[in-house]
Amino acid sequence: PASLFAAAGQLEPNAKAIGQTVEGLQGALVQAAKGNASSSAGVVAATKGTSEQLGTASKQLAAGLTRLSNLSKAAACLVSDSLSQQNILLGARAVCLTCQNIVVCARTAQKSPGGQTAQTALQGSSASVADTLKSFIQNAQATNSQASRGLAELEDAVAEICKMLSTFETPAFKGNMSVTGNNAIASARALAESSAQLVSACDSNPEEISTAAKSTLGSAMSLLGNVQGACRLMDDKVIKHNLTAAARAVANSTNKLLNAAEQQRHDVSKDPKAQSKPSAAASDVVEKISVVVNAASDMPGGWNAKKM
């Protein structure tokens with residue numbers, strides 16, 4: 001029981017790295033909870049055996065609770081809002097406490113095999129463990145589903161930009177045919193703003209990350225479409241090459257930013273290097289955008305680019 005008390009008292013969120021992704025954590029938490037259900041049933045069954053058998057069963061349960069505690073702390077590190085963090089940690093604490101109680105009841109029941117009171121208490125404790133574990137699993141799935149939301153939008157944005165780039169300089173890519181150089185520049189500036197918002201959202205809740213990822217994707221798509229459309233309105237091959245090459249470089253840098261943001265959300269260790277990558281990637285996007293602005297200033301309708 002001492003180790004169970006320790007597990008129940010060590011559920012404050014920390015930055016310990018567990019090496020899990022959001023999807024991995026969700027599955028691992030559910031499996032750990034199911035393992036604890038099996039181990040608690042083993043404790044009940046061991047009451048009909050020797051004290052050594054009950055001790056072994058109790059140790060197995062304690063080991064499972066330690067794993068559940070560690071996974072819960074890692075999951076809490078991936079959740080930005082304090083309410084969701086508390087739900088995970090308090091849920092794990094409740095599991096540890098009910099499991100600690102079942103060990104106490106099991107010891108009493110083993111010492112009084114014919115005692116109705118002890119057997120009733122053991123049955124009630126077993127039911128409490130089952131209810132607590134069920135609630136924990138439901139809450140863990142809901143919380144990790146929420147955390148996954150922002151990550152899904154980041155992944156989708158990368159895939160969509162890659163898809164656009166695969167046809168960017170081919171006839172299959174239509175682009176926006178009713179634009180000028182200034183439109184291309186405006187979309188580049190919008191992408192710079194979206195990139196900054198994405199960096200700010202990296203430490204925010206999943207909804208803000210989702211919104212920032214969608215905004216960044218929309219700005220990148222607009223840039224590629226406007227650049228390709230504007231290039232088809234002129235004949236200068238040098239300017240067209242410079243602008244399309246610059247736009248492609250911006251899109252590739254944007255994907256690196258989206259990947260860096262996703263990696264930061266996956267990083268439960270809060271490693272400073274991983275935390276700084278989105279900012280560095282955003283700086284690279286802005287640098288590439290300046291090349292687009294300079295190239296677009298040479299286009300018809302882009303003469304006032306640097307004044308925008």
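When reading the values below, keep in mind they use all heavy atoms of this one structure, side chains included, and skip hydrogens, waters and symmetry mates. In this chain, residues are counted from 1 in sequence order.
Checked against side chain to side chain donor-acceptor pair (under 3.5 Å), Asn242 has no partners two or more places apart in sequence or in another chain. For Val30, the side chain to side chain contact (heavy atoms under 4.5 Å, CB included) test picks out Lys34, Ile137, Gln141, with sequence neighbours left out. For Lys256, there are no side chain to side chain donor-acceptor pair (under 3.5 Å) partners two or more places apart in sequence or in a different chain. For the side chain to side chain donor-acceptor pair (under 3.5 Å) test, residues two or more places apart in sequence or in another chain that qualify with Ser219 are Ser194. For Thr244, the side chain to side chain donor-acceptor pair (under 3.5 Å) criterion is met by no residue, not counting sequence neighbours.
In this structure, CG in Leu154 is found 7.5 Å from SG in Cys202, a value given to the nearest 0.5 Å.
A donor-acceptor pair under 3.5 Å is absent between the side-chain atoms of Asn139 and the main chain of Ser135, judged by distance alone. Judged by distance alone, the side chain of Gln53 and the main-chain N or O of Thr50 form a donor-acceptor pair under 3.5 Å. Not one N or O on the side chain of Thr47 forms a donor-acceptor pair closer than 3.5 Å with the backbone of Val43. One N or O on the side chain of Ser290 and one on the backbone of Glu287 form a donor-acceptor pair closer than 3.5 Å. Although no hydrogens or angles enter the test, the distance criterion places a donor-acceptor pair under 3.5 Å between the side chain of Gln110 and the main chain of Gly49. Checked by atom type and distance alone, the side chain of Arg248 pairs as donor or acceptor with a backbone atom of Leu165 at under 3.5 Å. Under the 3.5 Å distance criterion, the side-chain polar atoms of Gln264 are left unmatched by any main-chain donor or acceptor of Lys277.
Scanning both residues, Leu224 and Phe173, for their nearest heavy atoms gives O-CE2, 3.7 Å. Leu243 and Cys231 make their closest contact through CD2-SG, 3.9 Å (heavy atoms, listed as atom of the first residue, atom of the second, distance). When every heavy atom of Val103 is checked against every heavy atom of Ser58, the shortest pair comes out as CG1-OG, 3.7 Å. The minimum heavy-atom distance linking Ser40 with Leu61 is given by the pair N-CD1, 4.0 Å. Heavy atoms only, all atoms of each residue included: Leu71 and Ala32 are closest at CD1-CB, 4.0 Å. Looking at every heavy atom in both residues, Phe168 comes nearest to Ala247 through CZ-CB, 4.0 Å.
Using a 4.5 Å cut-off on side-chain heavy atoms (C-beta onward), Phe136 and Leu29 make contact. Considering only heavy atoms from C-beta on, Thr98 stays 4.5 Å or farther from Asp131 through its side chain. Between Leu191 and Ser187, the closest side-chain pair of non-hydrogen atoms is not below 4.5 Å. In this structure the side chain of Leu258 reaches within 4.5 angstrom of the side chain of Leu198, judged on heavy atoms. Taking the side chain as every heavy atom from C-beta outward, Ser128 and Asn101 never approach each other to under 4.5 Å. Side-chain atoms of Ile185 and Val292, non-hydrogen and from C-beta on, never get closer than 4.5 Å to each other. Under the 4.5 Å side-chain criterion, counting only non-hydrogen atoms from C-beta, Val95 is in contact with Cys99. Contact of the Leu257 side chain with the Val199 side chain is registered, since non-hydrogen atoms from C-beta on lie closer than 4.5 Å.
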Identify every side-chain donor-acceptor pair in residues 111-123 under 3.5 Å, counting partners at least two apart or on other chains, and give the distances.
| from | atom 1 | to | atom 2 | distance (Å) |
| --- | --- | --- | --- | --- |
| Gln116 | NE2 | Thr120 | OG1 | 3.3 |
| Thr120 | OG1 | Gln116 | O | 2.9 |

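A donor-acceptor contact closer than 3.5 angstrom links the side chains of Asn176 and Asn226.
The pair Asp284-Lys288 counts as a salt bridge, with a side-chain nitrogen and a carboxylate oxygen less than 4.0 angstrom apart.
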